[in-house]
Amino acid sequence: MKQVLIVGAGISGITAGRILAENNYQVTILEKRDHIGGNVYDYYEDNILIHKYGPHLFHTRLPQVAEFIKQFSEFFPYEHRVLGEIQGKLVPIPFNFKSIDMLFNIEEATHLKQALKQAYPEKESVPVMELRKSKDKKVQELAEFVYQNVFYGYTKKQWGKSPEEMDSSVMARVPVRLSYDDRYFTDEFQIMPLLGYTELITTMAEHKNISIRYQCDALSHLVVEKEKIYFDGEEWKEPVIYTGCIEELSGRCFGNLPYRSLIFELEHKNVTQAQPVVQVNYPNQYLYTRTSEFKLLQKEPVKDKTVLVYEYPVPCTETRIPYYPVESEENRTLYKKYKELLEPVKNLYLLGRLAEYQYYNMDITIYQAMNLAYKLIGEEKNGDNKGK
């Protein structure tokens, strides 16, 4: 039986591992933490499902991804809505026509909505940075308002930099929606696992060909040297799927790639509901960026008690979990150096947000893992084991 070694029991590693196990691979997964699921790990406390590493929401436009995960859990529909505290009011985020109505007088709001429709008749949303370039003075003023009140402060807290210092790809993620659609996501599939992500991924990992070693630092067993991989001192010729930070695999020889991390503070309250929606953003006040109420992500939340999480973005150090790659031309160049260094190792495959140094949503992470697994299966059938 063909073997594969996977570093990381998060959703990337488990997805790839499940598909390979179903195709007669013996899958060994090395996980540094003491639990499955990586950052989507959740657990119950007083019948409230706590997302240990912050709220995770499943949404996708890819039917193949939705169908894949539906094999391993029951799901229920959930459409995420976010409010932001702007000038003392809680208004919908992304900024949309309802937000305009709430923050401007009727005459101004009517003019702004008409101007947006005329300027962008074919678009559902427009990035705030594009709106700032509009020829319509009122649209420019709206863009500046959104930039200053919704975007600027949040970006400074989230990334530790002003928007002008950020990569354009990050700036493009903040749109103004040209409708009254106040959903945070517009994807066709918006669902949540009925019993949580831990249950989902645990079920995914339940296969006779999958074994997981917890509290196992893979880099204590795995060495990349002279275009070869050694596992516990012996050359390992089978595929290795690596989902950790790429620089750690190379001994940080070119220095650290920067990431942002998070600190979570939980607050227990003896009330049925603490805030009107799951997530409230605070772009202009406090050190935290947002609060989330976990129980509102459950199909049947308990009464008379709830848990809020306060989310504080912080620089990533060696003792903190890396959550977000800091996208910039300089950092992409550094990542490319690490990737080129590892390119000659033909049985090594990089997968996921950390290994690929890309900001992936959960569905894209699953999609990439599915593609890699099927690629490996195809390579085995074709007698080829080249490429990444």
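Just so it is clear, the values below take in all heavy atoms, side chains as well, and ignore hydrogens, waters and symmetry mates.
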* For residues Tyr324 and Tyr259, establish whether the separation of their ring centroids is below 6.0 Å. => no

* Asked: Under the side-chain hydrogen bond (donor to acceptor under 3.5 Å, both in side chains) criterion, do Asp42 and Thr198 qualify, and how do the steps go?
  -> CA-CA 6 Å; Asp42 50 27; Thr198 298; 3.0 Å; yes

* Asked: Taking everything shown except Tyr367 itself, do over 12 heavy atoms lie less than 6.0 Å from its OH?
  -> no

* Asked: Between Pro239 and Tyr349, what is the shortest heavy-atom contact and its length?
  -> CB-CE1, 4.1 Å

* How about Glu107: does its CD atom have over 12 heavy atoms from other parts shown lying under 6.0 Å from it? -> no

* Quiz item: cation-pi between Arg353 and Tyr359, 6.0 Å / 45° -> yes

* Asked: Got a sec, which hydrophobics cluster with Met1, joining ILVMFWY side chains under 4.5 Å apart, including via others?
  -> none

* Asked: Should Gln26 and Val4 count as side-chain neighbours, where that means a heavy-atom distance under 4.5 Å?
  -> no

* **Flag if over 12 foreign heavy atoms under 6.0 Å of CD, Gln285** => yes

* Taking the side chain as C-beta and beyond, is there a heavy-atom pair between Met204 and Phe68 under 4.5 Å? -> yes

* Output the distance between atom NE2 (His111) and atom CD1 (Ile100), rounded to the nearest 0.5 Å. => 11.0 Å

* Asked: More than 12 foreign heavy atoms under 6.0 Å from CD of Glu235: is that the case here?
  -> yes

* Gln64 atom CD: more than 12 heavy-atom contacts under 6.0 Å -> yes

* Asked: In terms of the angle between their ring planes, are Tyr41 and His35 parallel, tilted or perpendicular, with boundaries placed at 30° and 60°?
  -> parallel

* With sequence neighbours excluded, residues passing salt bridge (Lys or Arg N to Asp or Glu O under 4.0 Å) with Lys299 -> none

* Structure fact -> In Glu79, Arg177, Arg61, the residue satisfying side chain to side chain donor-acceptor pair (under 3.5 Å) with Thr186 is Arg61

* To do: Quick one: sort the His59 and Phe185 rings into parallel, tilted or perpendicular, breaks at 30° and 60°.
  => parallel

* Nearest 0.5 Å please: distance from the CD atom of Glu227 over to the CG atom of Leu341. => 10.0 Å

* What's the verdict on side-chain contact (heavy atoms from CB on, under 4.5 Å) for Glu293 and Lys295, showing C-alpha distance, side-chain angles and the deciding distance? -> CA-CA 6 Å; Glu293 190 167 1; Lys295 63 179 281 185; 4.0 Å; yes

* To do: Go through the steps for Tyr360 and Gln368 under the test side-chain hydrogen bond (donor to acceptor under 3.5 Å, both in side chains), then give the verdict.
  => CA-CA 10 Å; Tyr360 290 139; Gln368 300 279 65; 3.2 Å; yes

* Ile69 side, atom CD1; Phe189 side, atom CZ - distance, nearest 0.5 Å -> 10.0 Å

* To do: Work out which heavy atom in Arg260 is nearest to a heavy atom in Pro315; give both atom names and the distance.
  => NH1-N, 3.4 Å

* Please report the closest heavy-atom contact between Leu200 and Ser73, naming both atoms and the distance. => CD1-CB, 3.8 Å

* More than 12 heavy atoms of other groups within 6.0 Å of Glu124 CD -> no

* **Other cluster members, Ile263 - Ile/Leu/Val/Met/Phe/Trp/Tyr, side-chain contacts below 4.5 Å** => Leu83, Leu90, Val277, Val280, Tyr282, Tyr286, Leu287, Tyr288, Leu308, Tyr310, Tyr312, Val314

* To do: Please assess Ile48 against Gln298 for the test side-chain contact (heavy atoms from CB on, under 4.5 Å), listing each intermediate value before the final yes or no.
  => CA-CA 8 Å; Ile48 296 174; Gln298 295 174 237; 3.9 Å; yes

* Asked: With a 4.5 Å limit on heavy-atom distance, are the side chains of His268 and Lys305 in contact?
  -> no

* Asked: Would you call Glu343 and Lys339 a salt bridge, using N to O less than 4.0 angstrom?
  -> no

* To do: Write down the atom of Arg132, the atom of Glu144, and the distance for their closest heavy-atom approach.
  => NH2-OE1, 3.0 Å

* Classify the angle between the aromatic ring planes of His221 and Phe231 as parallel (below 30°), tilted (30 to 60°) or perpendicular (above 60°). => tilted

* When you measure from the centre of the six-membered ring of Tyr180, is the NZ or CZ of Lys98 under 6.0 Å away and within 45° of the axis? -> no

* Structure fact -> The single option from Gln190, Arg183, Gln279 that satisfies side chain to side chain donor-acceptor pair (under 3.5 Å) with His80 is Gln279

* **Other residues, nucleotides, ligands: >12 heavy atoms within 6.0 Å of Glu74 CD** => no

* Is there a donor-acceptor contact under 3.5 Å linking the side chains of Thr291 and Gln275? -> yes

